Amino acid sequence: MPELPEVEVVRRGLANWVAGRTVSGVDVLHPRAVRRQPAGAADFAARLTGTTLGAAQRRGKYLWVPLAGPGGPAAGGGFSLIGHLGMSGQLLVQDPTVPDETHLRVRLRFTDGGRELRFVDQRTFGGLAVEEAEDGDPEGTPVSIAHIARDPLDPRFDDAVFVAALRARRTTVKRALLDQTLISGVGNIYADEALWRSRLHYDRPTATLTRPQVALLLANAREVMAAALAVGGTSFDSLYVNVNGESGYFSRDLDAYGREHEPCRRCGTAIRRAAWMNRSSYFCPRCQRAPRLRAGG
DNA sequence: ACGTTTTCCTGAGCGC
DNA sequence: TGCGCTCAGGAAAACG
């Protein structure tokens with residue numbers, strides 16, 4: 001499941017392999033992959049064809065590639081190719097002779113006749129679109145992601161603002177970590193890892209956390225994602241790979257996620273898995289004590 | 001306005 | 001062998 005480190009690995013791959021190349025043609029093999037393109041698949045293809053791809057950018061789990069038109073950089077009009085991998089999306093740089101993948105959704109061909117860019121997505125939660133940048137934004141952030149918060153690896157992420165905003169929420173801590181308008185890039189895996197490192201239970205009300213506790217949680221989220229990025233991200237199966245189809249190695253370094261019944265690496269207690277919001281939360285029942293239920297009524 | 005729940009999707013894994 | 005069920009989960013949309 002691609003979260004910030006995995007998406008960053010893909011961003012680097014795009015910067016290496018497709019920047020500076022001009023699109024000669026686009027095949028949309030599944031309309032759902034471009035469902036965020038208001039005018040549909042044909043419009044998506046028309047807006048891309050003939051443009052030259054710039055250096056890939058990222059905010060949280062979103063990627064975008066600035067487009068330059070045939071008339072020069074300005075002629076792109078501030079448009080970008082924006083993408084989200086969802087749960088199972090892959091962007092692969094693939095030789096044209098390689099047979100189409102089973103779940104190939106979109107293909108970009110280039111004027112140099114070299115390796116294609118393929119968007120492959122089994123569960124189709126991900127997608128691509130061509131979009132205009134937010135008016136006057138020097139970073140060229142596409143309009144549809146203007147509400148996404150900066151991520152903790154962004155130098156302009158404001159720690160103090162985040163700490164205050166999280167404590168002001170009337171919700172629980174894991175919900176807040178997964179709220180992309182508060183902090184972006186954190187998904188289920190790194191949320192559980194950051195909570196384990198911080199010895200916090202996922203159901204702790206945010207309002208009960210002290211400023212130092214939230215600051216520590218943020219530092220741990222940042223650390224665990226940086227460590228995962230350093231080894232190519234987390235892969236449980238073939239669903240997350242870099243643009244060359246290779247898996248990352250962080251899954252063996254996880255302390256909580258996916259470790260049900262295995263001993264906590266701090267205290268030896270068996271890690272538990274709890275149903276949480278139609279998904280799972282992994283935690284150490286000893287290190288991460290559940291909040292005391294309020295004696296109501 | 002804000003917080004919570006539902007919805008979208010497909011393949012792996014499992015019990016019977 | 002195959003059917004039905006559960007699970008994986010990001011984030012927009014719908015709901016309260």
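Within every chain, numbering begins at 1; the chains are lettered A, B, ... in the order of the sequence lines, protein sequences first and strands thereafter. Predicted, not measured: the structure shown is a model, and the values here were computed from it.
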Participant: Look at the rings of A:Phe162 and A:Phe157 and say which category their plane angle falls in: under 30° parallel, 30 to 60° tilted, over 60° perpendicular.
Facilitator: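 Answer is tilted, since the angle falls between 30° and 60°.
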
Participant: Hey, does A:Arg35 reach any base, or is it just sugar-phosphate, or nothing, if we go heavy atoms under 4.0 Å?
Facilitator: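 Nothing, no nucleic acid heavy atom in range.
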
Participant: Can you confirm whether A:Ile82 sits close enough to A:Val130 that some side-chain heavy atom of one is under 4.5 Å from a side-chain heavy atom of the other?
Facilitator: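 No; the side chains remain at least 4.5 Å from each other.
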
Participant: Inspect the contact between A:Asp192 and A:Lys174 and indicate whether a charged nitrogen and a carboxylate oxygen are less than 4.0 angstrom apart.
Facilitator: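 Answer for the salt bridge query: yes.
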
Participant: Round to the nearest Å and state the distance from A:Glu260 atom CD to C:dC7 atom P.
Facilitator: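 About 11 Å, once rounded to whole Å.
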
Participant: Write down the distance between OH (A:Tyr282) and C1' (C:dC7), rounded to a whole number of angstrom.
Facilitator: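 It is 10 Å, rounded to the nearest whole Å.
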
Participant: How would you give the extent of chain A contacts on DNA chain B, as first and last nucleotide 5' to 3' within a 4.0 Å heavy-atom cut-off?
Facilitator: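 The protein-touched segment is B:dG3 to B:dG11.
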
Participant: Does A:Arg279 contact C:dG10 through a side-chain donor or acceptor facing the base, at a distance under 3.5 Å?
Facilitator: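 Flag set: donor-acceptor pair detected.
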
Participant: Thinking salt bridges, do A:Asp151 and A:Arg58 make one under a 4.0 Å N-O criterion?
Facilitator: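 Answer for the salt bridge query: yes.
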
Participant: For the pair made of CD1 in A:Ile189 and C1' in C:dG10, what is the distance, rounded to whole Å?
Facilitator: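 Value for this atom pair: 12 Å.
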
Participant: If you find the nucleotide of DNA chain B closest to A:Asn278 and the one closest to A:Ala168, which residue's nucleotide is nearer the 5' end?
Facilitator: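 Residue closer to the 5' terminus by nearest nucleotide: A:Ala168.
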
Participant: Base, sugar-phosphate or nothing for A:Arg169? Non-hydrogen atoms, less than 4.0 Å.
Facilitator: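 Touches sugar-phosphate only.
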
Participant: Any non-hydrogen side-chain atom of A:Trp196 less than 4.5 Å from a side-chain atom of A:Arg266?
Facilitator: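 A:Trp196 vs A:Arg266: side chains touch.
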
Participant: Counting only heavy atoms not in A:Arg32, do more than 12 sit closer than 6.0 Å to its CZ atom?
Facilitator: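 Enclosed: over 12 neighbouring heavy atoms sit under 6.0 Å from CZ of A:Arg32.
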
Participant: Do any N or O atoms of the protein come closer than 3.5 Å to N or O atoms of nucleotides 12-16 of chain C, and which pairs are they?
Facilitator:
residue, atom, partner, partner atom, Å
C:dA12, OP1, A:Tyr62, OH, 2.6
C:dA12, OP2, A:His147, NE2, 3.2

Participant: Looking at A:Arg197 and A:Glu193, is there a salt bridge between them, counting it only when a charged N and a carboxylate O are closer than 4.0 Å?
Facilitator: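 Not counted as a salt bridge, because no side-chain N and carboxylate O are separated by less than 4.0 Å.
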
Participant: Can you measure A:Met87 atom CE to C:dA11 atom C1' for me and round it to whole angstrom units?
Facilitator: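 Between C1' of C:dA11 and CE of A:Met87: 12 Å.
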
Participant: Please determine whether a side-chain nitrogen of the Lys or Arg among A:Asp179 and A:Arg175 lies less than 4.0 Å from a carboxylate oxygen of the Asp or Glu.
Facilitator: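 Result for this pair is no, no salt bridge flagged.
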
Participant: Between the side chains of A:Arg156 and A:Glu139, is the shortest nitrogen-to-carboxylate-oxygen separation below 4.0 Å, so that they form an ion pair?
Facilitator: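 Between A:Arg156 and A:Glu139 there is a salt bridge, with a charged N closer than 4.0 Å to a carboxylate O.
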
Participant: Quick one: A:Trp276 CH2 to C:dA8 C1', roughly how many Å, whole number?
Facilitator: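 Taking CH2 of A:Trp276 and C1' of C:dA8, I get 15 Å after rounding.
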
